[in-house]
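Following: one structure in structure tokens, then a few remarks.
Computation of the quantities below employed the complete heavy-atom set of this structure, encompassing side-chain atoms and omitting hydrogens, waters and symmetry-equivalent molecules. Whatever order the structure lists ligands and atoms in, that order sets their numbers, starting from 1.
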Amino acid sequence: MQYQRSSKLFAEAEKVIPGGVNSPVRAFKGVGGTPIFVKSAKGAYLFDEDGNKLIDYINSWGPMILGHAHEPVIKAITERAKLGTSFGMPTELETKIAELAVSMVPNIDKIRFVNSGTEACMSAIRLARGYTKRDKIIKFAGCYHGHSDSFLIQAGSGASTFGIPNSPGVTQGTAKDTLLAHYNNLDSVRELFENNKNEIAAIIVEPVAGNMGCIPPQKGFLEGLRSLCDDNGALFIFDEVMTGFRLAKGGVQELYAVKADIVCFGKVIGGGLPVGAFAARNEIMNYLAPLGPVYQAGTLSGNPLAMAAGLAMLSELNVHASIFERLDEKTAYLENGIRKVLTQNGVVFTINRVGSMISVHFNETPVVDFETAKGGDNEMFKKFFHGLLNEGVYIAPSAYETWFITDALSYADLDFTIKAIDKVSKTL
Ligand code: KE4
């Protein structure tokens, strides 16, 4: 496959956009080479500027759970656009999608829409601090909650690719209120509560981690965090920007039957348009302006086009909940196929999967936290990535990402992918 036009477009982009991209992880710094410029996408396929057709395992980092340019979503956006694109005034549409989301997700009474997952998590932290009147938060090394200052402390995703433990520009004043624990390690959390008595407002966690590859919570981990929050008067925040409306209709709260106090959403909830949201029970959400003292706002929050796209997406997932089972089956088929060929070809690897989130790690030991995730053979991953790209299969351009499976993938696509992995893994 050739990528001349993408290379040309990248050179032009670099002149006017920092690093030629509007989000660092797209820059291929984790795998080398120049990013692919997309012309269009449909279903499970990307069509790039050089005319290559790629099977997409990123799906815009999660939103395209039903496939690219999904008819009902496109129809909803185009119809709505004819009525005007933004008013800065309430619309019935916002109530409709809020009612639907509240009906799908356990333990929430109200939801506030924002424009990104970052905004959702940033606002959730502010709400937790305002509600508990405490300043400190606990996050986990390798978990990524967007790029607001409080979170860029040993963040995952693109921040890991760049090896930025604390991004420049984040003040010591901010950093001191973010305490770092280790994923799947309850003792590391217990210790923080003991050393910061009555000062911790909340724990924020990716209940299934997806920004150090996919890392499932070990048995008892989420339940243990729940008890630590209850014992110490802290709120438990689930960052479900990736997992929400993907791993189950009700997200991870439903999947593992663990109750969160605040839940953050993004990606799928916007159907591919810029939407984030955070939600909780009334006594917490009523602390938010204009009802309560915690301020949070946004010119384009609840934008009608974005709400129309999100409502079309959630409505389909709500009515056809069998989609989640189908996604799990397809991803299990892919996992088994990859295991078979990598084992046959003598590759040292481990695969993590929860539902339709999956990641391949070239590690000898299980990947259970940020430390073990960092122990993978990154050079091998780069070869794996580019080898697959050459075969027409597009996976995450970083070892610190999960793959997102779309229902638009056919079993023929999955077989094609497994065959490509068989071929590429012979060269690793
Ligand atoms: P956004 O601000 O990028 O919409 O959401 C931030 C965010 C919050 N929480 C979790 C669990 C997330 O995964 C994300 C964003 N995910 C990355 C992919 N790992 C977005 C890709 C990018 O940064 O371009």
Side-chain angles (χ1 to χ4, degrees), residues 17-31 35-36 38 56-65 113-125 137 139-162 164 167 183 203-217 237-247 251-252 260 262-278 298 300-301 303 306 309-310 354 356-359 370 373 394-404:
I17 300 170
V21 292
N22 283 306
S23 197
V25 75
R26 304 174 190 170
F28 276 26
K29 293 289 181 218
V31 291
I36 308 290
V38 178
D56 186 8
Y57 283 96
I58 292 305
N59 289 291
S60 183
W61 301 99
M64 304 305 159
I65 190 168
F113 287 97
V114 293
N115 302 284
S116 69
T118 295
E119 246 191 292
C121 295
M122 176 181 82
S123 310
I125 290 295
I137 61 164
K139 79 172 285 284
F140 294 86
C143 282
Y144 179 72
H145 306 292
H147 65 90
S148 79
D149 285 4
S150 295
F151 300 132
L152 286 179
I153 316 286
Q154 285 207 16
S157 182
S160 305
T161 306
F162 289 81
I164 307 171
S167 166
Y183 204 77
I203 293 176
I204 184 166
V205 71
E206 291 181 53
V208 170
N211 286 291
M212 14 183 183
C214 173
I215 299 187
I237 302 174
F238 269 17
D239 174 352
E240 294 224 45
V241 168
M242 272 188 178
T243 58
F245 308 108
R246 169 167 282 280
L247 296 186
V252 174
I262 303 178
V263 193
C264 303
F265 300 105
K267 302 179 191 281
V268 172
I269 197 171
L273 293 200
V275 179
F278 58 108
L300 294 171
S301 296
N303 171 273
V354 178
S356 62
M357 290 170 63
I358 181 171
S359 56
F370 196 32
Y394 186 66
I395 65 170
S398 158
Y400 296 103
E401 299 290 354
T402 183
W403 308 4
F404 297 95

Keeping the roles fixed (side chain from [X], backbone from [Y]), state whether a donor-acceptor pair exists under 3.5 Å.
X	Y	value
Tyr400	Phe370	no
Ser359	Cys214	yes
Arg246	Val268	no
Thr402	Ile358	yes

So, is Tyr144 polar-close to ligand 1, with some N/O to N/O distance under 3.5 Å?
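Yes, Tyr144 has an N/O under 3.5 Å of an N/O on ligand 1.
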Could an N or O of ligand 1 be found under 3.5 Å from any N or O of Lys267, whether backbone or side chain?
yes
Go through ligand 1 atom by atom and flag the ones less than 4.0 Å from a non-hydrogen atom of [X].
X	result
Gly146	6 (C), 7 (C), 8 (C)
Glu401	18 (C), 19 (N)
His145	8 (C), 9 (N)
Glu206	11 (C)
Met242	13 (O), 19 (N)

May I ask you to test the Glu240-Cys264 pair for a side-chain heavy-atom distance under 4.5 Å?
no
Taking the side chain as C-beta and beyond, is there a heavy-atom pair between Met242 and Trp61 under 4.5 Å?
no
Tell me the protein heavy atom at minimum distance from [atom], and give that distance in Å.
atom	result
atom 9 (N) of ligand 1	Asp239 OD2, 2.7 Å
atom 4 (O) of ligand 1	Gly117 N, 2.9 Å
atom 3 (O) of ligand 1	Thr118 OG1, 4.5 Å
atom 12 (C) of ligand 1	Asn211 ND2, 3.7 Å
atom 22 (C) of ligand 1	Ser23 OG, 3.3 Å

Can you tell which of Phe278, Phe245, Phe238 makes a ring-ring contact (aromatic ring centres under 6.0 Å, His included) with Phe265?
Phe245
Indicate whether the side chain of Glu401 and that of Ser398 have a donor and an acceptor atom separated by less than 3.5 Å.
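Looking only at side-chain atoms, Ser398 and Glu401 do not form any donor-acceptor pair under 3.5 Å.
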